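Predicted model, so just to flag it, every value in this text is computed and none were measured.
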Amino acid sequence: MKILLYLRTQNKCIVDLIDIIEILIIALVIAVVVVMRLNLRNAKLRQKAQQSMMFTSLTHELLTPLTILSASIENLRAAEPKYKSQYALMEINIQRSVRLLQQILETAKAKDGSLKLLVSHGDVMAYIRNTARTIIPLMAKKNLEFSIKCQPESMMGWIDTDKLDKIIFNLLSNAAKYTTGDNGRVELFARTNDRYDKVIISVKDNGCGIPESRKKHLFELFFDGEYRRFNTMGTGIGLSLTRDLVYLNNGDLTYESEEGKGTTFNIMLPISKDSFAPSQIDEKNKVDINKPVSFVLDVEDDDPIFSKDFIFNEKGNNNEVNIDNNVDSSDDDAYRILIVEDNVELLLMMKHLLSKKYNVVTAYNGKEAVDEIHKNELDLIISDVMMPEMDGYELVKYVKNSNDYCHLPIILLTAKTQENDKEEGLEIGADAYMTKPFKVKELQLRINNLIENRQRITREFKQQTIEDVRTKSATMPSPDKEFLDKAIACVHKHIDDSDYDRETFASDMGMSSSSLYNKLRAVTGMNATSFIRDMRMKEACRLAKATPGIRVSDLAYSVGFKDPKYFATIFKKEFGMQPSEYIESIINQ
């Protein structure tokens, strides 16, 4: 009995020992697996850290040569100033490259937790609207319909403009990438909540939508989306950084997407002061709504978009750029336009486009515009409304209240879309009013309509004889009649002087060249040179009728032409026949 009890006791100890050994083995296996997984995880973390350091280092290295390139452009600008417009476009694209590199740095900071928030007080809606407008060139290049709506139009709040700029830019550029130009549409709608302490920004497109298989990876860093399918470029950073920036702002990001129908991203950001820690609040600086950080220009100087309808943004980087204002006088009859705009990007683009057809002079504000009006002979002014020193409305009042320049047509360009703003512009004397964004084709039509009025006056004037002109001048307002009679008398006094030119003409009239030019354009539709030439042609016709059989050479010398052949060329261009044919037709009457 004792032996049996002993064996049972020993068996129980053995079983317990076996159980302990099994538990130890299992624990050891688990420990080994955990250690292996921790080592693997640490290796991945080290790899990610190394990648982050690599991208940060590369970014800093790339920023250095870009800085050198920018400095080199400044040297080239001083050495070869005739290429100023090209230098400005180079600077714009350098700035775009810098922006992309800075976005990589922001991503690295977001991942290591060193990204900081610093909010300032200002008009949130105005900043959102102006920042969104800076991506209009990209939308135009893809032929997308783009709308911006803010409700209310103005609302004060606290925002980090640098972070908000990147959020808006990334969402809009992403929408543009995956939306085609065939009835493609992108919308930005900014609104507030009932308590006015949050702003909700929705970016909606009718593009390809997001496939279900890709939604779970949408916000992963370096996720390449479907760039190859849509022939676009991407870094895989945008949406990942956008989410991090929204969360940094204590906000929320959601999206809805249906494949083949489009995508909507919704961003909710707090804008009340009590939503942020004291260290995140900048009390000293205010939000500058006229200078959003974003600067987007997706066209090159020789890009085919210049031949299409191009929609321009309103406010961009306003770094000083010297634009060549030398008027091309090779075509003396070409119409001359003054563009007044404080946005360098828009100014360069409009100058590039309109210079193909007109002689173009530029100014950055109304004050500079007044100087250019006094210096240059002009036919039309295109001016922004919101500008420093002297705005568009003040410029219109100055021109229209001037006896010398009141006949100059003025087209106002502005982002103010209210009907009363348009009425104000027209009431003070603007000849046309266009809201931004606008299409170049529409602007060209407005220019053509205004110039056509002067061309009609020119055609009518050229068809009249001297007697007809004098008879018609009798019905003109007294100042115009006196001006025209004096102008005719001055030219006729020197009708046989081949050296009589516009400078001497202006001196005889007691006017500056620009004042004479503007007044002549208004009354006759001609510039000074054309008016002198027309008077010579009219006198040639009168002499031919008064002296039947006069020789062509004598006729040419009598009206101030040194070369009878050149006289014959001008005469045929004006009347459709050679002077000899005209003289013969008079004899045969």
Side-chain angles (χ1 to χ4, degrees), residues 85 136-137 140 305-314 323-343 345-364 366 368-370 372-373 376-385 387 392-393 395-396 398-400 405-416 422 425-426 428-460 514 517-527 530:
S85 296
I136 288 176
I305 193 168
F306 284 112
S307 63
K308 301 178 182 179
D309 287 344
F310 190 87
I311 307 175
F312 294 99
N313 64 297
E314 185 193 355
I323 301 178
D324 187 4
N325 260 350
N326 293 326
V327 175
D328 179 11
S329 59
S330 59
D331 185 359
D332 194 59
D333 290 328
Y335 281 80
R336 303 175 180 218
I337 295 176
L338 169 64
I339 304 173
V340 192
E341 174 59 69
D342 63 330
N343 180 332
E345 176 191 332
L346 178 53
L347 190 64
L348 286 170
M349 289 296 179
M350 291 177 68
K351 179 178 172 66
H352 179 101
L353 288 161
L354 296 179
S355 292
K356 296 177 181 179
K357 190 173 182 179
Y358 310 106
N359 288 326
V360 176
V361 180
T362 59
Y364 290 114
E368 290 185 15
V370 170
E372 295 298 336
I373 289 169
N376 293 285
E377 300 172 349
L378 301 170
D379 294 300
L380 185 142
I381 299 173
I382 302 171
S383 177
D384 188 17
V385 170
M387 298 180 295
Y393 291 151
L395 177 61
V396 172
Y398 173 85
V399 172
K400 296 304 179 181
Y405 308 111
C406 60
H407 301 289
L408 274 175
I410 301 179
I411 299 175
L412 283 180
L413 306 176
T414 181
K416 294 183 175 182
K422 180 178 180 180
L426 297 176
I428 62 176
D431 298 87
Y433 189 100
M434 295 180 63
T435 58
K436 299 177 181 179
F438 63 88
K439 289 187 176 180
V440 168
K441 185 176 181 180
E442 183 181 352
L443 176 61
Q444 186 71 66
L445 288 173
R446 298 289 183 94
I447 295 172
N448 290 343
N449 288 339
L450 291 170
I451 289 179
E452 175 59 25
N453 290 332
R454 292 198 167 185
Q455 291 175 335
R456 175 180 51 78
I457 295 171
T458 302
R459 289 193 297 269
E460 291 176 358
S514 60
Y517 181 96
N518 288 313
K519 191 70 175 179
L520 274 175
R521 279 292 201 193
V523 176
T524 70
M526 300 180 190
N527 59 34
S530 298

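- For the atom pair CG (L380) and CD1 (I339), the distance works out to 10.0 Å, reported to the nearest 0.5 Å.
- With sequence neighbours excluded, no residue forms a side-chain contact (heavy atoms from CB on, under 4.5 Å) with N449.
- Taken from CD1 in I410 to CG in L450, the straight-line distance is 10.5 Å, to the nearest 0.5 Å.
- Taken to the nearest 0.5 Å, the CG atom of D431 stands 9.0 Å off from the CG atom of L412.
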With side chain to side chain contact (heavy atoms under 4.5 Å, CB included) as the criterion, how do E341 and D384 come out once you've worked through the C-alpha distance, each side chain's angles and the decisive distance to 0.1 Å? CA-CA 5 Å; E341 174 59 69; D384 188 17; 3.3 Å; yes
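- With rounding to the nearest 0.5 angstrom, the CD atom of E442 is 4.0 Å from the CE atom of M434.
- The OH atom of Y335 lies 13.0 Å from the CD1 atom of I447; values are rounded to the nearest 0.5 Å.
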Determine, stepwise, if the pair Y358 / I451 fulfils side chain to side chain contact (heavy atoms under 4.5 Å, CB included). CA-CA 11 Å; Y358 310 106; I451 289 179; 3.6 Å; yes
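- Residues meeting the side-chain contact (heavy atoms from CB on, under 4.5 Å) test with L408, sequence neighbours left out: I373, L378, I381, V399, Y405, N518.
- Annotation: side chain of N527 is not in contact with side chain of R336 (no heavy-atom distance under 4.5 Å).
- Looking at residues two or more places apart in sequence or on another chain, you find no ring-ring contact (aromatic ring centres under 6.0 Å, His included) involving Y398.
- Looking at every heavy atom in both residues, A369 comes nearest to V340 through CB-CG2, 3.6 Å.
- For the 3.5 Å distance criterion, the side chains of Y517 and N376 fail to qualify, holding no donor opposite an acceptor.
- I382 contributes atom CD1, which lies 5.0 Å from atom CD1 of I337 (distance to the nearest 0.5 angstrom).
- Partners of K357 according to the salt bridge (Lys or Arg N to Asp or Glu O under 4.0 Å) rule, which considers only residues two or more places apart in sequence or in another chain, do not exist here.
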